[in-house]
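Notes to accompany the following structure.
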Amino acid sequence: MSTGRKRAASSSKEDRPGIKRAVKWTRQFSHAGPRFQPDYKPISGTKPLFRYAGKPLLLERNTEEVAVMYARYLCGKRRTRDIEKTLQQNFFEDWQKYMSSKEKQQIKKFELCDFSGLVKKLQEDKAKPLTKQERAAQKKKREDMMNQYKTVIVDGRRELISNFTVEPPGLYMGRGKNDNIGRVKPRIKPKDITINCDDRHIPKAPGNSKWGAIVHDKSVMWLASWYDPITKGPKYIQLHPSSKIKNDIEEEKFQTVRKLHRKILEVRKHYEKDLKSKKNETEGEYATRQIATAVYLIDNFALRVGNEKPEGATDTVGCCSLRVEHLSLLASKNIRLNFLGKDSIRYEKGHQVSNAVYDNLQDFTRDFDGKKKTKKQLLFDSIKTKHVNDYLYNLMKGQGLTAKVFRTFRATQHFEEKLEEYSKFHELKATKSTPEDDKMKMIVFKKANLAVAQLLNHQTLSKPTTKGKAIKVNEKRIKDAQYKLNNLSKGTDEHRKTTAQLVVLKHELDLKVEQRTYALGTSKTNYIDPQVSAKWCKKYKVDITKVYSKVQLGKFRWALRS
DNA sequence: GAGAGGGACTCAGAAACGTGAGT
DNA sequence: AACTCACGTTTCTGAGTCCCTCT
């Protein structure tokens with residue numbers, strides 16, 4: 001279905017410098033192509049697991065495959081009832097497309113379908129423990145398969161691929177309240193794939209199949225792509241973050257941040273000037289005032305720019321798509337923002353703003369003609385995100401300043417400040433340390449990381465109960481240490497050691513409690529300049545491998561080679 | 001030259017996975 | 001010594017940003 005899909009011809013036009021638009025590879029781009037999902041293995045046998053209107057019904061292979069997708073959903077975490085209604089409708093509509101004409105005649109109503117037999121079977125299979133040998137064999141098979149697919153040679157350099165397997169068929173779930181929930185994602189086959197490689201190394205399609213298309217596009221870094229009919233967009237097989245190209249781009253990202261850092265006072269002076277309204281303001285000047293106000297919010301509160309979204313998409317917003325209903329104007333130049341952001345994560349925070357910004361926001365609850373807007377109308381009704389980025393482009397010509405750079409800039413700056421503050425507060429030693437000192441250093445790093453996650457509003461909605469348990473364990477340890485301390489005489493080494501342990505335990509507990517609703521990973525992987533971490537690690541004699549995982553070390557190779 | 005549409009990339013939380021400490 | 005369980009890491013794929021082309 002994606003075969004012959006229109007692709008924009010690559011252009012060598014380079015009016016804006018940077019690696020992003022440059023050629024990504026020149027001579028060699030050779031790889032094995034994507035790995036495909038194994039064929040579906042029916043689970044029913046001769047005895048039907050599915051029932052319709054109370055009667056057992058043996059489903060045909062394709063029909064059962066899709067029924068199992070729904071059964072799998074039933075095995076896991078369920079969505080709320082209002083969303084589940086859409087899920088069931090979409091699923092049933094798509095499921096019918098997979099049924100034989102006979103089945104279509106028989107299975108007419110979702111309400112009469114009974115998936116419990118399939119659910120039970122799935123749960124039983126999952127509970128079956130594997131023997132040691134079976135597990136080892138499985139691992140070996142997996143490793144062999146990975147070795148076959150996991151690398152690509154880019155101009156003579158062997159690089160890792162991040163996702164070399166096409167997505168398995170299944171139900172589209174999405175996040176938040178979305179219209180596509182429960183739709184069936186089809187099985188991706190070789191004929192759906194566009195391969196991108198050099199013209200001397202074309203991977204062989206599996207079996208007798210043929211690729212949908214083969215291109216040799218040097219201006220992109222994807223290895224294969226296919227069309228996703230649900231999101232109506234392309235999906236890609238991409239290079240690993242540890243690859244040279246991705247490393248270069250990552251380095252460039254933080255170079256741009258540093259450029260902004262050097263120019264930030266100038267940039268702020270510029271947009272602060274544009275915040276002021278003029279007498280007999282023209283529509284153009286009014287739009288500029290909206291742009292400046294949006295940039296103020298992006299700079300000060302690290303908001304996303306908030307592009308327009310297609311009709312029917314999940315109702316989430318960013319700065320430019322804020323509506324009147326998302327803003328409360330409070331006393332003493334305080335405002336409150338309350339909206340669903342990316343991934344339907346709620347942003348609900350109060351901020352103090354400058355006089356000019358407060359007045360502008362108040363102004364923007366009315367349109368240019370002074371007519372009061374409804375709750376559902378856009379706050380920044382005269383501008384688009386493109387205008388914000390054009391404005392920023394002109395502030396730092398040719399240096400790659402866009403709205404998202406502010407988020408990275410603010411995150412890194414916040415991290416650096418908090419790291420410094422906590423290091424001083426906890427009197428970290430730059431010398432060889434005791435185990436307690438080492439633990440304290442990790443706490444300081446994590447606390448600074450947490451502060452960034454809070455700034456960027458990286459929340460976790462799922463709070464595993466285990467976290468509550470861990471907190472209880474920690475509390476008990478504190479109690480034990482306290483008890484031990486009470487029975488020790490002051491001035492002894494043991495007393496000193498236990499005191500230090502107690503301090504660490506208390507800080508660990510604080511961190512655990514605060515960390516419960518925040519995910520630290522995204523800010524560490526995407527927003528904090530690794531050079532800042534590296535510098536701190538060096539100063540306090542902390543092994544960098546203690547703060548970054550293997551994948552992160554690969555991604556940040558550009559910053560960590562000393 | 002503006003706006004629609006779409007393409008390619010980064011960023012996102014949840015789920016799956018692997019590991020290592022405690023028993 | 002084996003087992004269990006909580007935790008950190010990796011994988012997965014959805015959801016953004018921003019750019020380019022076309023009209």
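These numbers were taken from a predicted model, which means no experiment stands behind them. Chain identifiers are assigned alphabetically (A, B, ...) following the order of the sequence lines, protein sequences preceding nucleic acid strands; residue numbering begins at 1 within each chain.
Residue A:K246 has a polar side-chain atom (N or O) positioned under 4.0 Å from OP1 or OP2 of B:dT10. Here A:K309 reaches the OP1 or OP2 of C:dG16: one of its side-chain N or O atoms lies under 4.0 Å away. Applying the 4.0 Å criterion to OP1 and OP2 of C:dA15, one finds that A:Y172 has a side-chain N or O inside that range. Regarding contacts with the backbone of B:dA12, a side-chain N or O of A:R304 is found under 4.0 angstrom from either OP1 or OP2. Within the structure, a side-chain polar atom (N or O) of A:T402 is placed less than 4.0 Å from OP1 or OP2 of C:dC18. At the phosphate of B:dA12, OP1 or OP2 sits under 4.0 Å from a side-chain N or O atom of A:R407. For A:K253, a side-chain nitrogen or oxygen approaches OP1 or OP2 of B:dC11 to under 4.0 Å. Residue A:T385 has no polar side-chain atom (N or O) positioned under 4.0 Å from OP1 or OP2 of C:dT17. At the phosphate of C:dG16, OP1 or OP2 sits under 4.0 Å from a side-chain N or O atom of A:T316. Taking 4.0 angstrom as the limit, A:N389 places a side-chain polar atom (N or O) nearer than this to OP1 or OP2 of C:dC18. A sub-4.0 Å separation between OP1 or OP2 of B:dA8 and a side-chain N or O of A:K24 is absent. An OP1 or OP2 oxygen of C:dG8 is reached within less than 4.0 angstrom by no side-chain nitrogen or oxygen of A:S549.
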Query raised in the report: Would A:V317 and A:H326 satisfy side chain to side chain contact (heavy atoms under 4.5 Å, CB included), going step by step from the backbone distance to the final call?
Result: CA-CA 10 Å; A:V317 303; A:H326 299 131; 3.9 Å; yes
**Report entry** Residue pair A:I195, A:L223: steps toward the side chain to side chain contact (heavy atoms under 4.5 Å, CB included) verdict
**Finding:** CA-CA 6 Å; A:I195 293 285; A:L223 291 75; over 6 Å; no
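A:I249 has its CD1 atom 15 Å from the P atom of C:dC18, to the nearest Å. Regarding A:K386, its NZ atom lies at a distance of 11 Å from the C1' atom of C:dC20, rounded to whole Å. For the pair A:D248 CG and B:dC9 P, the interatomic distance rounds to 14 Å; values are reported in whole Å. At whole-Å resolution of the value, CG in A:N163 and C1' in C:dT10 are 13 Å apart. The NE2-P distance, from A:H458 to C:dG16, rounds to 13 Å in whole Å. The CG-C1' distance, from A:L340 to B:dA12, rounds to 15 Å in whole Å.
Nearer to the 5' terminus of DNA chain B, by closest-nucleotide assignment, is the contact made by A:K384 (compared with the other of A:Y527 and A:K384). Residue order along DNA chain C, read from the 5' end via each residue's closest nucleotide, puts A:G174 first among A:G318 and A:G174. If A:H387 and A:Y236 are placed on DNA chain B by their nearest nucleotide, the residue sitting closer to the 5' end is A:H387. Projected onto DNA chain C by closest heavy-atom contact, A:T165 and A:G306 fall at different nucleotides, the more 5' of which corresponds to A:T165.
Scanning atom types as modelled, no donor and acceptor separated by under 3.5 angstrom connect the side chain of A:K404 and the base of B:dC11. Side-chain atoms of A:R175 come within donor-acceptor range of the base of B:dG13, with a qualifying N/O pair under 3.5 Å.
The existence of a salt bridge linking A:D510 and A:K506 is excluded, since no basic side-chain nitrogen approaches an acidic carboxylate oxygen closer than 4.0 Å.
Separating the CD atom in A:E508 from the NZ atom in A:K446 is a distance of 8.0 Å, to the nearest 0.5 Å.
Residue contacts shown for A:A403 are limited to sugar-phosphate atoms, with no base heavy atom under 4.0 Å away. Residue contacts shown for A:M221 are limited to sugar-phosphate atoms, with no base heavy atom under 4.0 Å away. Within the nucleic acid shown, A:P168 comes within 4.0 Å of sugar-phosphate atoms alone, with no base atom in reach, counting heavy atoms only. Using a 4.0 Å heavy-atom cutoff across all strands shown, A:Q459 reaches sugar-phosphate atoms only and no base atom.
A donor-acceptor contact closer than 3.5 angstrom is absent between the side chains of A:N307 and A:S321. Residues A:N526 and A:K555 bring a donor and an acceptor atom of their side chains to less than 3.5 Å of each other.
Ring geometry for A:W222 against A:Y236 counts as tilted: the plane angle lies between 30° and 60°, on a 0 to 90° scale.
Proximity note for A:N307 (side chain, C-beta onward) versus B:dG13, B:dC11, C:dT17: the nearest is C:dT17.
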